[in-house]
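Okay, so here's the structure we're looking at.
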Amino acid sequence: MTGNKGLRIIKKILGTIMLPAAMYIIVMIACFTHGKMFFGTWPMWKSIMSSLAISIICAMGIGLQFNSGRFDFSGGAIMLLASIIAGNVAKAHSSNVLLFCLLCIGLCVVFSLAVGLVYVYGRLPIAIATIGMALLYEAVTCLIFGGTGINLVADMKLKAFSSYPMVLVPTALAVLVYAFYTNVTVSGKQAQLLAMNQASAVNIGINERKNVLVSYLFSGVIFGLASMIYASTALHKASFSSLTTVGELFTNILPVFIALMLGAFCNNTIGILMGSLTLTLMSFGLTTVIDSDMGSAISLILTGIFVLVINVVSGQGANIAKLFRRNKQTAA
């Protein structure tokens, strides 16, 4: 019995790390083949730390609503608006780091709860409610601070959160908040029931309104932690084109899908970490081996194909296995 338990643990560990390990090997071979011998070094890991952190935190912010059966399109607009306000106010107060952190988290919580209230009391479909709020928040970014957005690239105090080692602080906090919501809170445990069958879940006594508002409170905290990094990674202009923030945010939903596939080997939190690491390594490899702009475009295409294949294999794995066994028996 002890041997079987040990074997199961080994299988779960191997299943959990298989995707990032395979991606690491593939990217390493590609980089070394093209003379990029710095791959795998500590400076390389530090250079991708902020991208990895953003991927992890945004995936958890999206995943928190996605796991409740809700596709929320407002997260990117919430982060952009909070970053512009928090960054400009903090800069005006001698680049006050504490003020910047509190504003990022506080504003994201307020904006996120506003989305939840519109959804709950407006009785609108989730897509319409969140897209409408995203458009509103994007419009506000054009009206405040002269529509200049925020540029913290040269502000060494506020930029600290997008550089190692400070980038680990909001990342670790986001992971803890997500794990706490998913595994400890009543709303987190009810999320799966609401996702599977909303009507039945409500009929057995689950208070959907309370669940929605609590989930938006937690996702607001997570997006606030993401904003602390996001605000200083680059120049962020006001959104003068509609829904520009949606595409930027939703590239980070892919680790959530990978986490679903890895559900047989690990919990959702670890699955998102593994998914983010896999996709960050792939993106880094493509932009390193190929021209940066072309690499980014190819990365986006391959990421979509990659996740499609993963989900097909995940969903049809049993049928594929049966087909191989049948063909093997026929050949024999």
Is there a side-chain contact between [X] and [Y], using heavy atoms and a 4.5 Å cut-off?
X	Y	value
Met228	Ile105	yes
Ile144	Ile85	yes
Leu113	Leu217	yes
Lys91	Leu158	yes
Leu152	Ile150	yes
Ile229	Pro170	yes
Asn211	Arg209	no
Ile62	Phe71	no

Exam field: side chain [X] to backbone [Y], donor-acceptor pair closer than 3.5 Å:
X	Y	value
Thr182	Ala179	no
Thr41	Phe38	yes
Thr171	Val167	yes
Tyr137	Phe111	yes
Glu138	Thr244	yes
Thr148	Phe145	yes
Ser47	Met44	yes
Asn151	Val153	yes

**Prompt:** Tyr24 vs Phe39 aromatic rings, parallel, tilted or perpendicular, using cut-offs 30° and 60°?
**Reply:**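 Tyr24 and Phe39: tilted rings.
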**Request:** Would you please indicate yes or no on a ring centroid separation below 6.0 angstrom for Phe223 and Tyr230?
**Result:** no
**Request:** Measure from the ring center of Trp45 to the ring center of Phe284 and say whether it is less than 6.0 Å.
**Result:**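 No - the distance between ring centres of Trp45 and Phe284 does not fall below the 6.0 Å cut-off.
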State, without any angle test, whether [X] and [Y] hold a side-chain donor-acceptor pair at a distance under 3.5 Å.
X	Y	result
Ser232	Ser162	yes
Ser215	Arg70	yes
Ser74	Asp72	yes
Thr233	Ser50	no

**Prompt:** After noting the C-alpha distance and the side-chain angles of Ser239 and Thr245, does the key distance pass the side chain to side chain donor-acceptor pair (under 3.5 Å) rule?
**Reply:** CA-CA 8 Å; Ser239 180; Thr245 58; 5.6 Å; no
**Request:** Could you point out which residue of Val109, Val115, Val110 forms a side-chain contact (heavy atoms from CB on, under 4.5 Å) with Ile78?
**Result:**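 Going through Val109, Val115, Val110 one by one, the side-chain contact (heavy atoms from CB on, under 4.5 Å) with Ile78 is satisfied by Val115 alone.
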**Prompt:** Per the side-chain contact (heavy atoms from CB on, under 4.5 Å) rule, which among Leu80, Leu81, Leu135 passes with Val140?
**Reply:**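 In the set Leu80, Leu81, Leu135, the residue that makes a side-chain contact (heavy atoms from CB on, under 4.5 Å) with Val140 is Leu81.
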**For Phe218, ring pair (Phe, Tyr, Trp, His ring centres under 6.0 Å) partners two or more places apart** =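 Expected list: Tyr181.
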**Item:** Minimal non-hydrogen separation, Met49 against Leu168, with atom names
**Value:**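 Answer, listing the atom of Met49 first, then Leu168: SD-CD2, 4.1 Å.
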Can you give each donor-acceptor pair under 3.5 Å made by side-chain atoms of residues 259-273, sequence neighbours left out, with the distance rounded to 0.1 Å?
{"unit_1": "Asn267", "atom_1": "OD1", "unit_2": "Thr269", "atom_2": "N", "d": "3.2"}
{"unit_1": "Asn267", "atom_1": "OD1", "unit_2": "Ile270", "atom_2": "N", "d": "2.9"}
{"unit_1": "Asn268", "atom_1": "OD1", "unit_2": "Asn67", "atom_2": "ND2", "d": "3.4"}
{"unit_1": "Asn268", "atom_1": "OD1", "unit_2": "Tyr178", "atom_2": "OH", "d": "2.3"}

